2 protein chains.
Amino acid sequence: MARPPSVHDDELYDRLAEVFRTAGYEGASLGALAESTGLKRASLYHRFPDGKAQMAEAVLGRVERLFDGLLEPMRTDPDVRAGIARSAARIAEFYGGGLLSCVLDTLPLSGAPDRVRLRAAAVADGWISAMADAARRGGRAEDDARSAAEDAFAQVEGGLVYGRLFGDGTPFRRALARLPDLLLG
Amino acid sequence: MARPPSVHDDELYDRLAEVFRTAGYEGASLGALAESTGLKRASLYHRFPDGKAQMAEAVLGRVERLFDGLLEPMRTDPDVRAGIARSAARIAEFYGGGLLSCVLDTLPLSGAPDRVRLRAAAVADGWISAMADAARRGGRAEDDARSAAEDAFAQVEGGLVYGRLFGDGTPFRRALARLPDLLLG
DNA sequence: GTCTATATTTGGATAGAC
DNA sequence: GTCTATCCAAATATAGAC
């Protein structure tokens, strides 16, 4: 009979994500991915026959599902401003208060296959679209809502760049604190 | 007699920068660096006996000197707002309208030696400090000036993250257009 | 499903000729 | 200063035992 997996999918993806987040696509070596997951390289190939590209895509899928949860208040709270604020708090926690890097930043570096880059863009677009929707429900015009959401995304990602450079999550947290005003004007 | 170098320092650094920018530290292989510069790997080691770390540091030094030029209006224009706007225009051009990645984002990824990471942080700090100084000359309080400059840095870097993901420099350019208001309040 | 072992390529780095 | 040749470690990837 089949042996049960020693690490279940979501935890496996999370451990892979940790490597991709801090190292980028090319920098994430099979050795580092194997060490982080506790699996041997050959076992990773059993789970992901297409190799590193498939691992990166699985990580992005996992991030997409996690973001569904983070964005849920922003999507459903009838009090739009309160929903945005609650989602902001979840996002802040997800990124370790601003000290963790984001795969959407580090994964699309050179070396990543197109399908990985496109998947990363799709995940980012889901996040931005959710913010734009909230802005519209908050009364902003179509175009304003979209560009405000794009700017919000950039401010959060930039906060993470600052956090990686200086080990200080303050600008990241300020960006999230501004999120309701940014989106609702 | 000594053979003249086939590529002069600044151009050499620029070509190395292109690789580090798009690939990060680990992703920038000696092969890619050699191809980009037109030198063989052994020739790169003649120029940089300490190898890749020294190349990355040289690139950061070059970026620091280039930023001196970009920031000159912001540092010297008696009309603070006009100086910020002129520097913003130079920065926009430097980053290809928002479609080029920034070494300050990609170089400090995992794999980079501490001295490279520290050098990147020092370069970023020079930029942020120049913006904070301008904000102070524009009348902002000490602390406000610093956090405004940090936020401005994050918004520009985040714009570049967006640009890499979507091939669209619009949010980056919006961030730079906001720079005077961001810094002067 | 995970492992050891292995094939093959690419990585970083050095020696020595020109 | 640049090159070819070379060394060795680490990279991706596969085969086959358990």
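Computed from a predicted model, the values in this text were never measured in an experiment. Reminder, nothing fancy here: chain letters follow the sequence lines and each chain counts from 1.
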Over how many whole Å does the gap from [X] atom [atom1] to [N] atom [atom2] extend?
X	N	atom1	atom2	value
Phe48(B)	dG1(D)	CZ	P	11 Å
Arg3(B)	dC18(C)	CZ	C1'	8 Å
Leu44(A)	dA11(D)	CG	P	13 Å
Gln54(A)	dA13(D)	CD	P	11 Å
Leu12(B)	dT2(D)	CG	C1'	13 Å
Asp50(A)	dT12(D)	CG	C1'	13 Å
Lys40(A)	dA15(D)	NZ	C1'	18 Å

Any salt bridge between [X] and [Y], counting N to O under 4.0 Å?
X	Y	answer
Glu142(B)	Arg146(B)	no
Asp105(A)	Arg21(A)	no
Asp133(A)	Arg136(A)	yes

Does [N] have its OP1 or OP2 closer than 4.0 Å to a side-chain nitrogen or oxygen of [X]?
X	N	answer
Ser29(B)	dT10(C)	no
His46(A)	dT2(C)	no
Lys52(B)	dG12(C)	yes
Ser6(B)	dT2(D)	yes

Describe the nucleic acid contact of [X] in one word from base, sugar-phosphate, nothing, applying a heavy-atom distance below 4.0 Å.
X	result
Ser43(A)	base
Ala28(B)	sugar-phosphate
Arg47(A)	sugar-phosphate

Nearest listed nucleotide, side chain of [X], among [options]:
X	options	result
Ala42(B)	dA13(C), dA15(C), dT2(D)	dA15(C)
Tyr45(A)	dC18(C), dA13(D), dT2(C)	dA13(D)
Pro5(A)	dT2(C), dT2(D), dA11(D)	dT2(C)
Arg41(A)	dT12(D), dG1(D), dT14(C)	dT12(D)

In terms of the nearest nucleotide of DNA chain D, which residue is placed more toward the 5' end: Pro49(A) or Ala32(A)? Ala32(A)
Least distance between heavy atoms, Gly126(B) atom then Arg75(B) atom: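 Result for this residue pair: O-NH2, 3.9 Å.
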Just by modelled atom types, is the Phe20(B) backbone N or O under 3.5 Å from a matching donor or acceptor in the Thr106(B) side chain? yes
Name the residue closer to the 5' end of DNA chain C, choosing between Leu30(B) and Gly38(A) according to the nucleotide with the nearest heavy atom. Gly38(A)
